[in-house]
Amino acid sequence: MAHHGFGVSGDTDPDLPLSPEGVTYHVTCTSEHLADRIVLVGDPGRVKLVCTHLDAGSIVYEAAHREINVATGAYRGVPVTVLSTGMGTDNVEIVMNEVHILKEYDTQRRRWRTRVGETPADELDVPFDPSTVKLIRVGTCGTPNDDVPVGCLVITQYAVGMDNTCQYYVAPEVNATADVQEVLAKVRTTSLGSVQIYATKAAPAITQGLVEACAALNAKASAASPQEQQPRAQQQQQWYVGTTCSGSGFYGCQGRSVGRFHGRLTAPHLTEELGDLRFDVSEGPQRIANIEMENSALCYLSNMLGYQAGTVCVVVARRTRTGRAFASPAQTATALSNAITVALETLIAT
Ligand code: R1P
Ligand code: URA
């Protein structure tokens, strides 16, 4: 396990906290150990689970600090880093800033790298292509959508931030498009009109890659001979593409009123209102598919940086007008294993 060297030399920049060895303050690794392809998970314990899907014996680096566990190995020979964010968009903000530092700050020369299309500072300055950074979140979520059962995988196309984390960053360009404005305007018609909200979009290539990987997973399961005992994780997997809402909490922020909080929420009918929305975007009619706690900041900040990001989540809670259910541990485990497979396949295909 790696450890911090902070405070050793006493010359750490408080606005760019890097140890003398180039280790960032929260994500405990150097640039060398952060692959371009990154799987993000909320639960720190899920890092080990994702690692079981990587090539045997491929883990070259592991570290842990607070809720952020890091492991770097390979999937089908391609380097991949698995990183936990912990719960919430505020943690994603920390991770995204430190991924940005590790990818684009030259710690030896103490300067930011130029990007492709910009004039290099000198012959040692190799221009960086931000689109090579690909991040896919593999999470769990609830759904307000009566078309979506528990155990289904939700693939994000549009993103709504019900948190305020990104109000501190100037909006990425995609947010000004008619499609994203359509999503935002409709969501503002709900109780969220009194809360600061924002909308953005996942990287289209990641959304498409996840859809194709789900189709390939099911084709592989269908092709297996009936006599062949199919592992549970290879049975047909349902998936759904839609808009993901991210809350800054799990309970009142997602319309759950518990005990003495009952009757004291500003948006008590949030799930019904979100479940009723219909968007008219370029890809066709679209609905809110799920509610979780990290995707909005991942997509917003990645769009600002030119990185490609998206999310696939297992639906564990169904809270719709027509039904309520919670997934069994077995349903969750099967779908999570499939979500990890489709995320890894997408990362190496795009
Ligand atoms: C809440 O239980 C947590 O689960 C979901 C939410 O986004 C939140 O982080 O995602 P993860 O399973 O990735 O943590
Ligand atoms: N995670 C969430 O954030 N919400 C749910 O309802 C389930 C999982």
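Whatever order the structure lists them in is the order used to number ligands and atoms, beginning at 1.
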Output yes when the distance from some N or O of ligand 1 to some N or O of Met293 is under 3.5 Å, and no in every other case.
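Yes; the residue has a nitrogen or oxygen that sits under 3.5 Å from a nitrogen or oxygen of the ligand.
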Any nitrogen or oxygen of Gly42, main chain or side chain, under 3.5 Å from a nitrogen or oxygen of ligand 1?
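There is such a contact, yes.
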Ligand-residue contact atoms, ligand 2 with Phe250, heavy atoms, under 4.0 Å:
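Counting from 1, the qualifying ligand atoms are 1 (N), 2 (C), 3 (O), 4 (N), 5 (C), 7 (C), 8 (C).
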Can you list the atoms of ligand 2 that are under 4.0 Å from a heavy atom of Ala317?
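Listed by number with element: 6 (O).
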Does CZ in Arg66 sit with more than 12 non-hydrogen atoms of other residues, nucleotides or ligands closer than 6.0 Å?
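No, the 6.0 Å shell around CZ holds no more than 12 heavy atoms from other groups.
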Would you say CZ of Arg110 has more than 12 non-hydrogen atoms from neighbouring residues, nucleotides or ligands within 6.0 angstrom?
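No, because the 6.0 Å sphere around CZ of Arg110 holds 12 heavy atoms or fewer from other groups.
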Under a 4.0 angstrom heavy-atom cut-off, which atoms of ligand 1 come close to [X]?
{"X": "Glu292", "value": "7 (O)"}
{"X": "Gly139", "value": "13 (O)"}
{"X": "Asp43", "value": "14 (O)"}

Is it the case that [X] and [Y] place a side-chain donor and acceptor less than 3.5 Å from each other?
{"X": "Gln286", "Y": "Thr243", "answer": "yes"}
{"X": "Ser222", "Y": "Gln236", "answer": "yes"}
{"X": "Tyr158", "Y": "Glu283", "answer": "yes"}
{"X": "Ser246", "Y": "Asp163", "answer": "no"}

When you measure from [atom] to every protein heavy atom, which one gives the shortest distance, and what is it?
{"atom": "atom 4 (N) of ligand 2", "answer": "Gln254 OE1, 2.8 Å"}
{"atom": "atom 5 (C) of ligand 2", "answer": "Gly142 N, 3.2 Å"}
{"atom": "atom 9 (O) of ligand 1", "answer": "Glu294 OE2, 2.6 Å"}
{"atom": "atom 13 (O) of ligand 1", "answer": "Arg137 NH1, 2.8 Å"}
{"atom": "atom 3 (C) of ligand 1", "answer": "Met87 SD, 3.7 Å"}

Any salt bridge linking Arg109 with Asp122? Criterion: basic side-chain nitrogen under 4.0 Å from a carboxylate oxygen.
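Salt bridge flag = no for Asp122 with Arg109.
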Taking distance alone, with N or O pairs closer than 3.5 Å, would you say Glu292 contacts ligand 2?
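Between Glu292 and ligand 2 (N or O atoms, distance only) the closest approach is not under 3.5 Å.
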Short side-chain to backbone donor-acceptor contact, Ser337 and Thr334, under 3.5 Å
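Pair absent, no side-chain N/O of Ser337 close to backbone of Thr334.
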Do Asn69 side-chain atoms and Ala64 backbone N/O form a donor-acceptor pair below 3.5 Å?
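Not a single qualifying donor-acceptor pair exists.
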For ligand 2, indicate whether the residue Val316 contacts it via side chain, backbone, both or neither (heavy-atom separation under 4.0 Å).
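The answer is the side chain.
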Of the listed options Thr244, Ile291, Thr140, closest to atom 5 (C) of ligand 1 (non-hydrogen atoms)
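Heavy atom nearest to atom 5 (C) of ligand 1 belongs to Thr140.
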Sub-6.0 Å ring centroid separation between Tyr300 and Tyr198
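Aromatic pair counts; centres sit under 6.0 Å.
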Within-shell test, Arg256 vs ligand 2, heavy atom, strictly < 4.0 Å:
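It does; at least one heavy atom falls under 4.0 Å.
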